[in-house]
> 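Structure in structure tokens, see below.
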Amino acid sequence: MTMKDWKHPGLFAAGVLFGTAGIKALSSKDAKKLYTNCTAAVLRAKKVVMDTVTTIQENAEDIYADAKQINEDRTAAEEAVEDVVEETAEESVKAEAEEQVEA
């Protein structure tokens, strides 16, 4: 047997010991307390993030509604200007026609 063949059983045994020690360490009361505190911190962070997201969504809805209103007002104003321009043009045509009839 070569030296390489003797290393594998040793590595396997070391892995088993390390794994067993790791499981015991991870299942201890101190580890459970750490996991609980970390989970509680994550839940608090999630709440803060969700509150922020809700606020942003509400603001986005307000901005969208205001933008729609601005565009509707602008369209109405443009239509009013177009109506005035058309009326003025019609009045000018009528006035010119009357002037030609009088002349």
Side-chain angles (χ1 to χ4, degrees):
M1 278 191 159
T2 64
M3 192 65 140
K4 184 177 177 184
D5 293 335
W6 287 102
K7 286 184 182 179
H8 291 297
L11 289 175
F12 177 75
V16 169
L17 288 175
F18 184 73
T20 303
I23 290 172
K24 288 193 184 247
L26 294 175
S27 62
S28 69
K29 287 183 181 180
D30 290 335
K32 184 177 179 183
K33 185 176 179 182
L34 175 69
Y35 304 147
T36 303
N37 286 330
C38 288
T39 303
V42 168
L43 290 174
R44 287 191 302 271
K46 178 186 172 192
K47 183 182 181 321
V48 169
V49 169
M50 292 308 294
D51 290 344
T52 303
V53 167
T54 301
T55 302
I56 290 170
Q57 285 177 334
E58 289 170 354
N59 288 339
E61 289 171 0
D62 292 344
I63 290 168
Y64 179 72
D66 291 345
K68 272 180 79 172
Q69 186 61 45
I70 288 169
N71 284 338
E72 289 172 2
D73 294 345
R74 187 177 209 164
T75 301
E78 287 174 359
E79 288 174 359
V81 168
E82 288 175 5
D83 290 345
V84 169
V85 168
E86 287 176 10
E87 289 175 7
T88 306
E90 289 174 4
E91 290 173 3
S92 296
V93 169
K94 286 180 185 177
E96 286 179 18
E98 289 176 4
E99 288 177 11
Q100 289 177 358
V101 170
E102 292 175 1

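Being a predicted model, the structure only gives us computed values, none of them experimental. Hydrogens, waters and symmetry mates play no part in the numbers below; they use all other heavy atoms, side chains included.
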> To the nearest 0.5 Å, tell me how far Leu34 CG sits from Ser28 OG.
9.0 Å
> Nearest 0.5 Å, please: how far is CD in Glu61 from CD in Gln57?
7.0 Å
> Roughly how far, to the nearest 0.5 Å, is CZ of Arg44 from OG1 of Thr39?
10.5 Å
> For Asp83, which residues count as a side chain to side chain donor-acceptor pair (under 3.5 Å) partner, sequence neighbours excluded?
none
> What is the distance from atom CD1 of Ile63 to atom NZ of Lys68, rounded to the nearest 0.5 Å?
15.0 Å
> Going by heavy atoms in the side chains, are Lys47 and Asp51 under 4.5 Å from each other?
yes
> As an exercise, state the distance from NZ of Lys29 to OG1 of Thr36, rounded to the nearest 0.5 Å.
13.0 Å
